[in-house]
K.L.:
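First, the structure itself, so that you have it in front of you.
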Amino acid sequence: QVQLVESGGGLVQAGGSLRLSCAASGRTFSNNAMGWFRQAPGKEREFVTATIGADLSTYYADSVRGRFTISRDNTKNTVYLQMNSLKPEDTAVYYCAAEGIPKSSVVLTTPRKYDYWGQGTQVTVSS
């Protein structure tokens, strides 16, 4: 059974940093897309960042570019999200996602690109 387990969420003051981890088990994802989405109360789930391919290309939402960094260790089947200069508007539940069956025609920023999801981890940024 495939599982994605996030960790590292918590409460932080504005300007602070957090590092999220997502450990996958049950299969490897090699060059498939792995990414992070977030969902704030009353809002739709939104794309944050993703990485894909043998060259580990990365993509970011405009709202986090320059502040967040995604990285991936395929030897550990784990993806990370380093979040710096956090803002109150970053407060949300953060979800890790992984693409099972490659879907080259589906863009990285849409949830239907991904077949597996973690349970989510809460990130709260106080002002």
Side-chain angles (χ1 to χ4, degrees):
Q1 183 177 355
V2 177
Q3 283 191 312
L4 303 180
V5 179
E6 300 106 333
S7 60
L11 172 64
V12 65
Q13 288 189 331
S17 299
L18 282 174
R19 188 190 194 211
L20 306 184
S21 298
C22 171
S25 61
R27 63 160 286 175
T28 58
F29 294 96
S30 301
N31 300 331
N32 291 3
M34 295 190 75
W36 293 90
F37 286 71
R38 66 186 182 186
Q39 188 166 18
K43 294 187 177 181
E44 292 188 354
R45 190 168 298 191
E46 66 172 357
F47 171 78
V48 176
T49 179
T51 178
I52 188 172
D55 60 351
L56 300 179
S57 297
T58 56
Y59 301 85
Y60 296 92
D62 289 343
S63 58
V64 306
R65 187 176 290 113
R67 300 187 298 121
F68 291 11
T69 302
I70 188 171
S71 60
R72 181 170 176 174
D73 186 340
N74 283 340
T75 65
K76 297 182 179 179
N77 218 17
T78 299
V79 64
Y80 305 95
L81 180 61
Q82 177 67 43
M83 304 185 294
N84 299 329
S85 302
L86 282 161
K87 304 175 180 179
E89 51 263 44
D90 294 319
T91 295
V93 177
Y94 283 70
Y95 297 91
C96 174
E99 179 187 35
I101 299 173
K103 297 176 268 304
S104 58
S105 62
V106 180
V107 297
L108 284 169
T109 57
T110 180
R112 63 188 182 92
K113 174 74 167 176
Y114 305 88
D115 302 290
Y116 304 100
W117 293 84
Q119 81 287 353
T121 185
Q122 177 69 47
V123 171
T124 303
V125 184
S126 64
S127 57

K.L.:
Test your reading of the model: is there a side-chain donor-acceptor pair from Thr51 to the backbone of Ser57, 3.5 Å cut-off?
P.N.:
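Yes, Thr51 side chain to Ser57 backbone: donor-acceptor pair under 3.5 Å.
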
K.L.:
Contact between Asn32 and Arg27 at the side-chain level, heavy atoms closer than 4.5 Å - yes or no?
P.N.:
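Counting from C-beta outward, Asn32 and Arg27 do come under 4.5 Å.
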
K.L.:
Indicate yes or no for a side-chain donor-acceptor contact from Tyr60 to the backbone of Ala50 under 3.5 Å, with no hydrogens or angles considered.
P.N.:
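No, the answer is negative, given that no donor and acceptor are paired below the 3.5 Å cut-off.
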
K.L.:
Out of curiosity, Thr69 OG1 to Tyr80 OH, how far, rounded to the nearest 0.5 Å?
P.N.:
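Thr69 atom OG1 to Tyr80 atom OH measures 14.5 Å (nearest 0.5 Å).
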
K.L.:
Test your reading of the model: is there a side-chain donor-acceptor pair from Lys113 to the backbone of Val107, 3.5 Å cut-off?
P.N.:
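It does not hold such a pair.
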
K.L.:
Do the charged groups of Lys87 and Asp90 touch, with an N to O distance under 4.0 Å?
P.N.:
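Salt bridge: no.
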
K.L.:
Rounded to the nearest 0.5 Å, what separation is found between the CH2 atom of Trp36 and the OG1 atom of Thr49?
P.N.:
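Spacing of CH2 (Trp36) from OG1 (Thr49) equals 10.5 Å.
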
K.L.:
Compare every heavy atom of Cys22 with every heavy atom of Leu4, then report the nearest pair and how far apart it is.
P.N.:
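Nearest heavy atoms, Leu4 then Cys22: CB-SG, 3.9 Å.
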
K.L.:
Nearest heavy-atom pair of Ala14 and Ser127: which atoms, and what distance?
P.N.:
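Scanning both residues completely, I find the closest heavy atoms to be CB-CA, 4.4 Å.
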
K.L.:
I want to check a possible cation-pi pair here: Arg45 against Tyr95, using under 6.0 Å from ring centre and within 45° of the ring axis as the test.
P.N.:
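Yes.
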
K.L.:
Tell me whether Val79 is reachable from Leu108 by hopping between hydrophobic residues (I, L, V, M, F, W, Y) whose side-chain heavy atoms are closer than 4.5 Å.
P.N.:
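No, because Leu108 and Val79 fall into different hydrophobic clusters, even though each may have its own neighbours under 4.5 Å.
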
K.L.:
Using modelled atom types only, decide if a donor and an acceptor are shared between the side chain of Lys76 and the backbone of Asn74 within a distance under 3.5 Å.
P.N.:
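No, the answer is negative, given that no donor and acceptor are paired below the 3.5 Å cut-off.
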
K.L.:
Give the C-alpha distance, both sets of side-chain angles, the deciding distance and a yes or no for side chain to side chain contact (heavy atoms under 4.5 Å, CB included) between Thr91 and Gln122.
P.N.:
CA-CA 8 Å; Thr91 295; Gln122 177 69 47; 4.0 Å; yes

K.L.:
Per the salt bridge (charged side-chain N to carboxylate O under 4.0 Å, His left out) rule, which among Glu46, Glu89, Glu6 passes with Arg38?
P.N.:
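The option that passes is Glu46.
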
K.L.:
Is any side-chain heavy atom of Phe29 less than 4.5 Å from a side-chain heavy atom of Arg72?
P.N.:
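Yes, at least one pair of side-chain atoms sits under 4.5 Å.
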
K.L.:
Please walk me through it: do Ile52 and Met34 pass side chain to side chain contact (heavy atoms under 4.5 Å, CB included)?
P.N.:
CA-CA 7 Å; Ile52 188 172; Met34 295 190 75; over 6 Å; no

K.L.:
State, to 0.1 Å, how close Ser85 and Ser17 come at their nearest heavy-atom pair, and which atoms those are.
P.N.:
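Where Ser85 meets Ser17 most closely, the heavy atoms are N-OG, 4.4 Å.
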
K.L.:
Working to the nearest 0.5 Å, report the span between OH of Tyr116 and CD of Gln3.
P.N.:
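Between Tyr116 OH and Gln3 CD, I get 12.0 Å after rounding to 0.5 Å.
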
K.L.:
So Asp115 and Lys103, do their side chains get closer than 4.5 Å, heavy atoms only?
P.N.:
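Side-chain contact under 4.5 Å: yes.
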
K.L.:
Do Tyr94 and Trp117 share a hydrophobic cluster, counting only Ile, Leu, Val, Met, Phe, Trp and Tyr and linking them when any side-chain heavy atoms are less than 4.5 Å apart?
P.N.:
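Cluster IDs for Tyr94 and Trp117 differ.
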
K.L.:
side-chain contact (heavy atoms from CB on, under 4.5 Å) with Val125: which of Leu86, Leu18, Leu11?
P.N.:
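So, applying the side-chain contact (heavy atoms from CB on, under 4.5 Å) to Val125 and each of Leu86, Leu18, Leu11, only Leu86 qualifies.
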
K.L.:
Same cluster or not: are Val93 and Val123 linked, directly or through other Ile, Leu, Val, Met, Phe, Trp or Tyr residues, by side-chain heavy atoms under 4.5 angstrom apart?
P.N.:
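No.
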
K.L.:
Would you call Leu81 and Phe68 a side-chain contact if the rule is heavy atoms closer than 4.5 Å?
P.N.:
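Heavy-atom side-chain distance check passes, below 4.5 Å.
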
K.L.:
Can you tell me how far OG of Ser21 sits from CG of Asp73, rounded to the nearest 0.5 angstrom?
P.N.:
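Here the interatomic distance stands at 10.5 Å.
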
K.L.:
Determine the interplanar angle of the Tyr114 and Phe37 rings, folded into 0 to 90°, and report it as parallel if under 30°, tilted if 30 to 60°, perpendicular if over 60°.
P.N.:
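Geometry flag for Phe37 against Tyr114: perpendicular rings.
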
